[in-house]
Amino acid sequence: MLSALSPDEVDTLAAALDTMLTTVTRARSKERSARAGDRPQPWLCRLCDFAACGRSEGHCPVNNAVTTGGGS
């Protein structure tokens, strides 16, 4: 499916998906913290491939949203 997109379109799609995933992560983290008496709750991305998302290089939008205080 992605082969039909230009490099610029792929970059735009990747940025939009990062934003969407970060938004969902922050909302769920906030919801979980509210239920736990404002105690931060960890986020677990069950569908993640850590090597593919670049987590070890600091590129994972889920990990970044949670570790930079996005859940509060």
Nearest non-hydrogen partners of Leu13 and Leu5, listed with the distance:
CD2-CD1, 4.1 Å
If the condition is side chain to side chain contact (heavy atoms under 4.5 Å, CB included), which residues does Ser6 pass it with, not counting sequence neighbours?
Asp8, Glu9
ILVMFWY cluster, Val24 and Leu17 together (side-chain gap under 4.5 Å):
no
Is there a chain of hydrophobic side chains (I, L, V, M, F, W, Y, each step under 4.5 Å between heavy atoms) that links Leu2 to Leu21?
no
